[in-house]
K.L.:
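Starting off with a structure, shown below.
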Amino acid sequence: VPFNCGSVAIHSGFKEQGNAFYIKKDYAEAFNYYTKAIDMCPKNASYYGNRAATLMMLCRYREALEDSQQAVRLDNTFVKGHLREGKCHLSLGNAMAANRCFQRVLELEPDNSQAQQEVKNTEAILEYERMAEIGFDKRDYRMVVFCMDRALDSAPACHKFKILKAECLALLGRYPEAQAVASDILRMDSTNADALYVRGLCLYYEDCIDKAVQFFVQALRMAPDHDKARLACRNAKALKAKKEEGNKAFKDGNFEAAYDLYSDALTIDPNNIKTNAKLYCNRATVGSKLNKLEQAIEDCTKAIKLDETYIKAYLRRAQCYMDTEQYEEAVRDYEKVYQTEHTKEHKHLLKNAQLELKKSKRKDYYKVLGVDKNATEDEIKKAYRKRALLHHPDRHSGASTEVQKEEEKKFKEVGEAFSVLSDPKKKSRYDSGQDLEDDGMNMGDFDANNIFKAFFGGPGGFSFEGKLCCDVFRIYSSLHI
């Protein structure tokens with residue numbers, strides 16, 4: 001016993017009491033008694049080794065590392081001391097230092113199975129670090145999270161691994177998980193710049209840009225050379241400014257400028273999923289104002305790809321589909337919206353789209369006649385006269401059989417269209433999407449010649465022969481068809 005130690009019986013007794021509490025897993029009391037033993041005999045390596053083991057059980061790895069290092073300084077042949085130092089280094093994520101400790105154990109005891117296993121653990125951690133670095137460079141953030149989870153199994157106290165995992169969780173849009181990891185670190189160390197950066201990153205990616213900037217600024221106070229925090233802070237400010245400029249231009253009715261500003265904002269940070277989803281939707285709104293409907297649909301699709309819960313993007317895309325008469329797609333989007341939010345407005349939009357889809361599956365009599373849906377009665381009559389004369393079978397009697405059949409079909413469709421659109425009741429039912437068969441009109445048995453005869457009149461009806469034929473051709477020619 002060194003000369004400056006107290007009574008052997010006393011400090012040995014403290015050690016034995018510490019051992020008893022350690023066995024009972026009362027590590028706090030064990031720590032107290034080992035400390036008393038050390039106070040009485042500060043040159044005893046085993047006491048530091050015992051206290052290091054207790055601190056490890058309390059997850060106080062940095063303190064445990066100091067004690068284990070002191071133990072091996074006092075006795076460089078102390079195998080347990082080297083093992084515990086290595087375990088502390090490993091738990092804190094310093095695999096290289098841990099490996100040196102375990103190699104020292106193997107120098108002392110070449111067959112030490114625990115050291116042999118720990119060497120394998122250190123090599124595994126180094127490999128996970130290497131794979132994570134490659135994954136991060138390739139933006140394969142799921143791979144990084146996987147590697148860090150495996151590494152943390154052996155290095156549960158490594159802040160570096162936790163921060164990298166949290167950052168990648170944020171980049172994957174898994175913000176609550178990332179926030180939880182960063183918050184755990186900040187509870188232990190409120191000045192941890194990396195954790196402050198990740199907290200800010202989560203807020204930034206959730207489009208809470210003002211709060212995010214506060215965290216980035218705080219991180220830079222703690223670590224002025226924190227490049228990631230500086231870049232994120234700059235991006236956040238630039239994104240907010242550009243978005244606000246776009247919003248102002250839109251409100252002022254300057255749609256071209258708004259479109260360009262939103263486009264510029266989208267180039268600032270491709271990782272900001274939520275803000276970019278809003279920017280795509282904003283640009284789609286502007287695009288619809290500029291009649292860039294297909295581009296607007298594409299922008300909405302990009303917004304939805306970034307945020308599948310973004311109702312506003314579904315609604316905007318559905319309206320664009322309606323405007324471009326893509327009714328099936330519009331119904332699909334409105335169904336998605338209504339399933340998510342059961343409101344009267346969404347129900348009305350869905351029913352309207354379903355009605356337009358139903359109407360689109362019928363013959364479009366307005367297109368058949370070549371008139372607008374708001375055409376007057378006189379315009380409908382003129383259109384019928386023009387199309388009926390153009391497609392009358394007698395006019396194409398000298399054409400091929402195939403052409404005759406096609407013209408006969410068109411002639412019949414023109415007659416159907418006129419029969420419906422010239423009758424106020426039928427037109428009303430047609431415009432409202434109701435079935436015309438319910439009105440007693442069987443379009444399958446429709447005779448276009450009867451409509452033609454009734455329209456052109458004459459006791460003998462109409463024929464492309466004789467004097468009446470000449471009159472008809474004169475009318476036909478005057479229409480400049």
Side-chain angles (χ1 to χ4, degrees), residues 139 141-142 145 163 165-183 186 194-220 226 228-252 255 257-289 296 298-319 333 336-337 340-341:
R139 297 179 179 269
Y141 303 124
R142 286 182 177 82
V145 171
I163 287 295
K165 174 185 174 180
E167 182 179 1
C168 289
L169 287 170
L171 291 167
L172 288 168
R174 293 161 62 179
Y175 307 120
E177 296 171 75
Q179 288 270 28
V181 174
S183 296
L186 288 170
D194 291 325
L196 290 167
Y197 158 70
V198 170
R199 283 292 304 276
L201 198 64
C202 291
L203 290 164
Y204 169 54
Y205 286 155
E206 288 183 293
D207 203 34
C208 299
I209 292 180
D210 288 335
K211 288 183 179 180
V213 168
Q214 293 175 11
F215 275 97
F216 295 144
V217 169
Q218 193 175 349
L220 288 168
H226 200 296
K228 287 185 176 180
R230 183 179 296 104
L231 176 61
C233 190
R234 184 165 65 244
N235 283 345
K237 290 178 178 178
L239 199 55
K240 180 185 177 185
K242 194 66 71 172
K243 182 182 175 184
E244 288 178 349
E245 284 183 61
N247 292 346
K248 184 178 184 304
F250 179 79
K251 288 178 183 177
D252 292 342
F255 301 132
Y259 192 92
D260 291 339
L261 287 163
Y262 290 139
S263 298
D264 290 343
L266 282 163
T267 66
I268 292 173
D269 185 359
N271 291 320
N272 195 319
I273 294 171
K274 277 204 170 182
T275 302
N276 287 344
K278 291 181 179 180
L279 288 168
Y280 275 121
C281 192
N282 286 359
R283 193 170 74 173
T285 302
V286 177
S288 65
K289 294 285 187 183
E298 186 179 334
D299 278 347
C300 288
T301 300
K302 289 178 180 177
I304 291 166
K305 187 176 181 181
L306 292 175
D307 183 0
E308 293 183 352
T309 66
Y310 195 9
I311 295 298
K312 188 176 178 180
Y314 283 104
L315 288 170
R316 172 57 57 194
R317 186 171 71 174
Q319 183 57 57
D333 278 353
K336 173 74 175 179
V337 170
T340 306
E341 295 183 356

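Residue numbers run from 1 in the order of the sequence given. FYI, side chains are in, hydrogens and waters are out, and symmetry mates aren't considered; it's all heavy atoms of this structure.
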K.L.:
Atom CD1 of I304 and atom CZ of R317: how far apart are they, to the nearest 0.5 Å?
P.N.:
3.5 Å
K.L.:
Give the C-alpha distance, both sets of side-chain angles, the deciding distance and a yes or no for side chain to side chain contact (heavy atoms under 4.5 Å, CB included) between L201 and Y175.
P.N.:
CA-CA 9 Å; L201 198 64; Y175 307 120; over 6 Å; no
K.L.:
If I take atom NZ from residue K165 and atom CG from residue L172, how far apart are they, to the nearest 0.5 angstrom?
P.N.:
11.5 Å
K.L.:
Pair D210, K240 - check salt bridge (Lys or Arg N to Asp or Glu O under 4.0 Å), show working.
P.N.:
CA-CA 9 Å; D210 288 335; K240 180 185 177 185; 2.6 Å; yes
K.L.:
Would you mind reporting whether Y197 and F216 have side-chain heavy atoms less than 4.5 Å apart?
P.N.:
yes
K.L.:
Dump the intermediate steps for side chain to side chain contact (heavy atoms under 4.5 Å, CB included) on K278 and Y310, then the final yes or no.
P.N.:
CA-CA 9 Å; K278 291 181 179 180; Y310 195 9; 3.5 Å; yes
K.L.:
Can you find a pair of side-chain heavy atoms, one from T275 and one from L279, that are under 4.5 Å apart?
P.N.:
yes
K.L.:
Determine whether L169 and V198 satisfy the following criterion, side chain to side chain contact (heavy atoms under 4.5 Å, CB included), listing intermediate values before the conclusion.
P.N.:
CA-CA 10 Å; L169 287 170; V198 170; over 6 Å; no
K.L.:
Does R283 make a cation-pi contact with Y259, if we ask for NZ or CZ under 6.0 Å from the ring centre and within 45° of the axis?
P.N.:
yes
K.L.:
Given side chains that start at C-beta, do those of D207 and K243 come closer than 4.5 Å, heavy atoms only?
P.N.:
yes
K.L.:
Taking all heavy atoms of Y205 and all of K274, pick out the closest pair and write down the distance.
P.N.:
O-CB, 3.3 Å
K.L.:
Using modelled atom types and a 3.5 Å cut-off, is there a donor and acceptor pairing between side-chain atoms of Y262 and backbone atoms of N247?
P.N.:
yes
K.L.:
Would you say the side chain of I311 lies within less than 4.5 Å of the side chain of T340, judging by non-hydrogen atoms?
P.N.:
yes
K.L.:
Taking atom NZ of K302 as the centre, does the number of heavy atoms from other residues, nucleotides or ligands within less than 6.0 Å exceed 12?
P.N.:
yes
K.L.:
Go through it in stages, so that I can follow the logic: the residues are K248 and E244, the test is salt bridge (Lys or Arg N to Asp or Glu O under 4.0 Å), and I'd like the CA-CA distance, side-chain angles, deciding distance and then a yes or no.
P.N.:
CA-CA 6 Å; K248 184 178 184 304; E244 288 178 349; over 6 Å; no
K.L.:
Can you find a side-chain donor-acceptor pair between Y204 and D269 that sits under 3.5 Å?
P.N.:
yes
